[in-house]
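Since we're looking at a predicted model, the values are computed, not measured. Sequence lines set the chain letters: A, B, ... in the order given, protein chains first and strands last, and positions in each chain run from 1.
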Amino acid sequence: MKKFLHCTVKCPCIGNRRNAFTLAEVLVVVGIASLFSFLVFRFYFQANRSQTLLLDGLQMQTAVVTGVNKVLREVRNGRGFLVPSLNEKSTILAFSDFENNVVSVFPLKNAQMTKEEGEDIYDVYCYKTDAKSYSGGSSHNSKNLRHLCSHVKDISFQLANSNSVTISFTFMKGGKVFQTISEGPLMNSGDVL
Amino acid sequence: MKKRSGLTLLELTIGMFLIAGAAVIYLQSMQSSKKKNEFYSEHFIASIMAAKVVEACFQETEINPYGIEALGLADENGKPFKFSTMVTEGQTTFFKQPEINKETTPFLYNMFQKDFMLNITTDESSSRHFTLNTAFKWKANTGPGSFNYLCRFPGFSPKKEIITTFAFPEDKLEKKVVERIFEEKNKNLGAIVSSPAAREVSLATGRIYFTCAGMLSAAQFKTAMEKAETIGSEPHAPTSAKFFEGTEHYFNIARDVLDVMVYLQPHIETINKDIKTIESMNLRNRSRLEKYIVNATMGLDEIKKLFLVCVHEAASRYRAMLNAYSDNRQQRALIQRCLDMHRLMFVAREFGEGTFSSSDANTTIKSEYYEFLADLEKYFSDKDQTLARLAAQEKKFAQSDLLKKRYYACDLVYKIFATLATLKTKLPEVDPGTLDPRSDVIGKPMGDGTRSGALTWARDQLNGGTGEGLNTNNGMKTRDDVSAWNNWCLAFVATAYGRRLNELKELSAITSYENFNRAGKIKTDKKPPAGAIMYTGPVPGNPHGHIFIATGKFKNKDPIIITTGGPGLDGLHEMPLSQLLAWAGGKYLGWTLPKDAKQEN
């Protein structure tokens with residue numbers, strides 16, 4: 001019996017170091033590793049997407065707040081509206097300021113953004129015609145042109161009354177739309193007589 | 001010991017789970033940030049929308065002190081209440097233009113559909129202000145959110161401050177009252193009028209009379225009136241500077257008059273309240289004060305007419321300018337002025353008798369005002385909701401007689417005019433040519449031959465007078481016997497005239513009447529001036545007719561006379577002519593106004 005147990009051939013399994021995984025072991029490990037990497041990559045992409053969206057949203061909000069405020073600030077310098085009329089809607093706003101300059105707020109198409117978004121996207125500008133130096137010509141002074149906001153898909157002005165204008169904004173960035181409606185009052189609402 | 005060359009399955013699994021756990025935590029935090037971002041977006045939109053609501057309230061209250069009520073944020077009595085509505089589908093005034101709907105603003109519509117409510121709580125922080133809490137509340141996927149905007153708005157029309165340059169200086173008032181009204185020198189008012197209430201009436205009379213007289217004769221006031229009338233008669237275009245100048249003149253005159261009336265209002269109240277106290281004064285002083293009260297009332301009447309004419313003229317001119325101007329803001333300012341003018345006229349319309357020569361003041365003022373409001377509401381219904389709402393609200397106020405309650409200036413003007421009207425009913429109507437009482441005939445046996453002397457002497461024989469007049473026919477005086485002049489009417493009138501009128505030297509009243517009648521000196525109307533000699537014809541039992549003296553005062557157009565008594569009416573009496581006719585009978589024959597006999601002599 002002792003003899004029988006004593007193995008004359010050097011068996012790799014007994015008393016020696018094992019130097020390879022079995023097929024089952026390898027398959028299990030590969031399976032777990034693929035699952036893990038799938039999860040990790042999925043999490044990674046999701047997190048990355050969420051972060052991008054979050055940043056886009058924040059950027060958009062900042063752009064909207066800044067844009068709306070800039071337009072409202074311009075309106076506040078006004079003394080009387082010229083365009084639109086009381087019962088009209090318009091994509092441009094024109095008013096006279098307290099120095100009798102004519103100030104217009106209008107959208108201008110942004111070619112690059114339009115291409116990127118696949119829809120017409122505008123920048124909104126403000127142009128002041130200096131009443132003192134205006135000679136009646138069609139040329140304009142680029143110093144009087146100021147950029148107010150970007151990513152504007154649509155803007156419309158409607159007078160709520162002769163003292164204030166309701167401005168509807170639609171912003172678009174990365175396919176995401178953001179809308180607001182704001183009321184812009186004229187600052188110099190004193191006696192005009 | 002053998003060296004381990006790889007990780008065990010257990011170790012790998014633990015490691016993977018750790019990494020996966022960390023990734024899950026990271027992802028969750030990203031998701032939460034995304035949600036927060038969405039929440040902030042909603043919050044941001046809510047804040048912009050709340051600002052829009054607040055701005056709309058500012059716009060409304062800028063032109064209309066009851067704008068909060070016009071917007072439906074306070075009830076019909078102007079009392080605050082809570083307002084709650086969905087934002088979408090034009091359910092609220094604030095988002096009707098432009099309307100938030102699926103087609104035009106889908107992003108906003110979707111956001112507001114998430115149970116987005118506009119809640120406004122109006123609180124009356126004081127009787128003059130509303131505190132508006134404009135709150136948006138929503139229950140979106142991101143959880144419940146709210147945004148509050150607290151703001152104060154006026155809910156009243158402000159009180160008018162009394163600033164007038166025409167007020168008579170207080171430090172000079174008492175002296176002027178003593179010298180001018182009572183014709184005394186170097187005396188205190190207390191020495192002339194002992195009753196404190198009567199003293200106040202005297203001072204109030206002085207304030208009103210001298211202020212009105214001072215204003216109407218002031219150079220700056222006269223110049224303004226002349227300029228207004230001159231420019232008003234010239235053909236200027238409503239947009240021209242001249243037309244505007246003329247309009248401003250009318251407006252400024254009306255404002256100056258209103259300021260004066262505001263200043264005088266408590267003094268009119270004083271006279272109205274305490275006029276009876278002057279009865280305790282002696283005849284001379286009472287007569288003088290009474291005359292000045294009447295004159296002061298006439299002064300007030302004069303400036304009242306001036307006020308209504310100027311306000312009406314200014315309103316017409318502002319309306320003409322409104323039709324000519326196309327600038328919306330100018331129109332808005334002109335509408336405000338027009339409404340101010342029309343409101344004042346509307347509340348004062350019942351006191352405007354005789355103001356407009358062409359038509360009835362009440363009808364003219366009423367129809368012009370309603371017409372203007374209807375035009376305003378119709379024209380601005382699709383242009384400026386603020387103005388359309390204001391016109392509709394104003395019409396409601398006018399129809400419910402609420403203008404006085406809602407507008408301080410209207411209430412004030414109505415009160416002043418109403419007090420003035422009440423005061424006038426308490427005063428005898430005095431002929432403008434009423435004579436100054438003559439103090440030198442008081443206590444004398446007869447008059448001095450003048451009309452004023454005759455009247456003063458006659459009044460001195462009444463109760464409260466000295467009664468020293470002597471009836472030479474029976475040697476009696478009313479001081480001793482009230483029936484001293486019973487049946488001696490001709491003697492009484494002749495004595496009042498100092499027995500100097502030849503026409504009265506007759507045996508009967510009717511004969512003296514015939515003397516005047518023959519000379520064509522009898523007038524048959526019932527408007528005898530002060531001191532006029534009046535007659536009634538004979539009646540059965542009295543073939544001599546009757547003669548008596550006119551006081552120059554009237555009660556409901558009925559002349560007040562002083563007459564001697566007779567059967568059934570002892571003594572001397574001051575009464576309306578109608579009462580005398582009822583007592584004595586006989587036909588009213590007329591009156592005559594003798595020239596001052598003293599002057600003739």
Side-chain angles (χ1 to χ4, degrees), chain A residues 17 19 21 25 28-29 32-33 35-36 39-40 42-44 46-51 53-58 60-61 64-65 68 72 79-81 85-87 89 154 156 158-164 166 168 170-171 176-186 188-193, chain B residues 2 5-6 9 12-13 15-17 19-20 23-24 26-27 29-31 33-34 36-38 40-41 44-45 48-49 51-56 58-60 62-63 95 97-98 100 104-109 111 244 248 321 327-334 337 380 382-387:
Chain A
R17 190 172 157 242
N19 52 13
F21 293 112
E25 280 175 339
V28 167
V29 168
I32 291 170
L35 184 68
F36 173 73
L39 286 171
V40 165
R42 191 166 160 255
F43 285 164
Y44 172 75
Q46 267 188 356
N48 204 20
R49 204 164 143 254
S50 293
Q51 198 171 16
L53 281 173
L54 182 68
L55 286 172
D56 279 354
L58 286 170
M60 184 73 137
Q61 265 186 45
V64 169
V65 174
V68 170
L72 291 182
R79 183 178 167 273
F81 293 115
S85 292
L86 262 181
N87 51 350
K89 230 179 190 182
D154 189 26
S156 109
Q158 185 174 9
L159 296 198
N161 53 58
S162 55
N163 268 351
S164 76
T166 306
S168 307
T170 305
F171 290 86
K176 200 179 172 191
V177 174
F178 204 94
Q179 285 172 322
T180 66
I181 295 177
S182 198
E183 189 113 353
L186 296 172
N188 305 294
S189 55
D191 197 353
V192 293
L193 287 169
Chain B
K2 284 179 186 172
S5 62
L9 181 63
L12 274 175
T13 313
M16 279 190 296
F17 273 104
I19 292 168
V24 166
Y26 175 67
L27 191 70
S29 107
M30 289 305 295
Q31 284 289 87
S33 295
K34 196 187 156 199
K36 269 185 191 165
N37 184 32
E38 200 176 322
Y40 289 143
S41 287
F44 166 65
I45 290 283
I48 286 191
M49 292 300 160
K52 185 182 183 315
V53 171
V54 169
E55 185 55 46
F58 271 124
Q59 292 296 332
E60 196 84 17
E62 192 200 29
I63 192 165
F95 301 110
Q97 275 189 332
I100 294 172
T104 53
T105 43
F107 176 83
L108 282 180
Y109 182 79
M111 181 174 276
F244 174 65
E248 284 299 279
M321 287 166 78
D327 181 277
N328 298 331
R329 296 193 73 217
Q330 274 174 325
Q331 283 181 340
R332 205 172 153 100
L334 288 166
R337 285 273 173 100
F380 285 103
D382 60 343
K383 295 180 181 68
D384 188 339
Q385 282 294 310
T386 313
L387 291 172

Tell me if a side-chain donor or acceptor on A:Q179 pairs with a main-chain N or O of B:F107 at a distance below 3.5 Å.
yes

Checking A:T180 against chain B: side chain, backbone, both or neither under 4.5 Å from a heavy atom?
both

If you count heavy-atom pairs within less than 4.5 Å of chain B, which of A:V65, A:T170, A:V29 leads?
A:V65

Region of B:Y40 that comes under 4.5 Å of a non-hydrogen atom in chain A
both

Contacting moiety of B:I45, where chain A heavy atoms sit under 4.5 Å
side chain

CG of A:N163 to CD of A:E183: how many Å apart, nearest 0.5 Å?
10.5 Å

Structural part of B:T386 lying under 4.5 Å from a heavy atom of chain A:
side chain

Contacting moiety of B:S29, where chain A heavy atoms sit under 4.5 Å:
neither

Nearest 0.5 Å, what's the CE-CD1 distance between B:M49 and A:I181?
4.5 Å

Gap separating the CZ atom of B:R332 from the CG atom of B:D384, nearest 0.5 angstrom
5.0 Å

Atom pair CG (A:L86) and CG (B:L387), whose distance is rounded to the nearest 0.5 Å:
8.5 Å

